[in-house]
Asks: 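Questions regarding the structure given below will be posed in turn.
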Amino acid sequence: MPEMTPDALRAFCDRPPQIVAPELIGATLMLAGAGGMIVETEAYASGDPASHSFSGQTSRNAAMFGRPASAYVYLSYGIHWCFNIVCQPGSAVLVRALESLTGFDEMAARRGVSDPRKLCSGPGKLCQALGIDISHNGLDLDGGVLRLMPGEGGFQLLCGRRIGITRAVEREWRFGLAGSPFLSRRFPATARQTPG
DNA sequence: AAAAAGATGGCCT
DNA sequence: GGCCATCTTTTTT
């Protein structure tokens, strides 16, 4: 597949997040020479009680209402940055885990670990590894600083309940690459999704 | 003005 | 599995 143009990337993201999230498994996310393959995502939809956008636009979540294929970054628990890919207005996909591909030494240094399984196996961890912070909030993902490159698809995926939320927990909007050792947590063996 | 919650992660047992 | 650091945003008084 030829690399997507910025317009194609925007169109790819300008759909409901629960559709985009599974298709992002296998995509590549890069920031300044560091990055890897997305192996775990979660969808947060418009009108979703678990989404930051549920009660309307605020200063924190404003980026969720920006351009599709831009970044929504927020601080979690006062400590960790979390990175989302903006989809349709008021919706986004949280990137929860990466399998590192390039820039390993740099990421390991920022994380203070050497075990590749501990490098990007969580939304806060991958932001620390790549150096993502609030300065990246709202940036387009088409290559200026951050680059998102959707993959070929065709992976065997797992899906299940989202992690760490208290509302709308029944929605199975967490997606992961089956068998990957780089997930933030194992999936309970629930639903299985075949290549698309 | 005050309080509680929160899309986490690391360390403890 | 449990505890809790840490602080911004949001909600409630």
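Residue numbers start from 1 in every chain, and the chains themselves are labelled A, B, ... in the order their sequence lines are given, proteins ahead of strands.
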Asks: Could you state the atom-to-atom distance from CD1 of A:I79 to P of C:dC3 in whole Å?
Replies: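 Taking CD1 of A:I79 and P of C:dC3, I get 17 Å after rounding.
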Asks: Is A:D14 paired with A:R67 through a side-chain N to carboxylate O contact shorter than 4.0 Å?
Replies: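 The answer is no: the pair does not qualify as a salt bridge.
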Asks: In the strands shown, is C:dT6 matched to any nucleotide by a Watson-Crick or G-U wobble pair with both distances under 3.5 Å, and which?
Replies: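 Pairing partner: none.
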Asks: Contact class for A:S55 (heavy atom, under 4.0 Å): base, sugar-phosphate, or nothing?
Replies: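 Here A:S55 touches the backbone only, sparing every base.
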Asks: Is A:T166 close enough to B:dG6 that one of its side-chain N or O atoms is under 4.0 Å from OP1 or OP2 there?
Replies: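 The answer is yes; a side-chain N or O of A:T166 sits under 4.0 Å from OP1 or OP2.
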Asks: Between P on C:dC7 and CH2 on A:W81, what's the gap in Å once rounded to a whole number?
Replies: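 After rounding, the gap between these two atoms is 11 Å.
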Asks: Mind checking if A:R174 touches a base, just sugar-phosphate, or nothing, with heavy atoms under 4.0 Å?
Replies: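 Nothing: the residue A:R174, judged by heavy atoms under 4.0 Å, touches no strand.
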Asks: Side chain of A:I163 only, heavy atoms from C-beta on: which candidate in B:dG10, B:dA7, B:dT8 is closest?
Replies: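 My answer, after comparing the listed nucleotides, is B:dT8.
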Asks: Is the A:Y44-A:H52 ring centre distance short of 6.0 angstrom?
Replies: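 Not close enough - the centres of the two rings lie 6.0 Å or further apart.
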Asks: Is it the case that the side chains of A:R110 and A:Q128 hold a donor-acceptor pair, with the cut-off being a distance below 3.5 Å and no angle test?
Replies: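 Result is no, nothing qualifies.
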Asks: Among the candidates B:dT8, B:dG9, C:dT10, find the nucleotide nearest to the side-chain atoms of A:K125.
Replies: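 My answer, after comparing the listed nucleotides, is B:dG9.
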Asks: Less than 4.0 angstrom from a charged side-chain N to a carboxylate O is my criterion; do A:D48 and A:R162 meet it?
Replies: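 Here A:D48 pairs with A:R162 in a salt bridge, since their nearest N and O are under 4.0 Å apart.
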Asks: Return yes if the base of C:dA5 and the side-chain atoms of A:Y77 contain a donor-acceptor N/O pair under 3.5 Å, otherwise no.
Replies: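 No, no donor-acceptor pair under 3.5 Å.
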Asks: Does a side-chain N or O from A:H80 land closer than 4.0 Å to OP1 or OP2 of B:dG9, or not?
Replies: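 A:H80 to B:dG9 OP1/OP2: no side-chain N or O under 4.0 Å.
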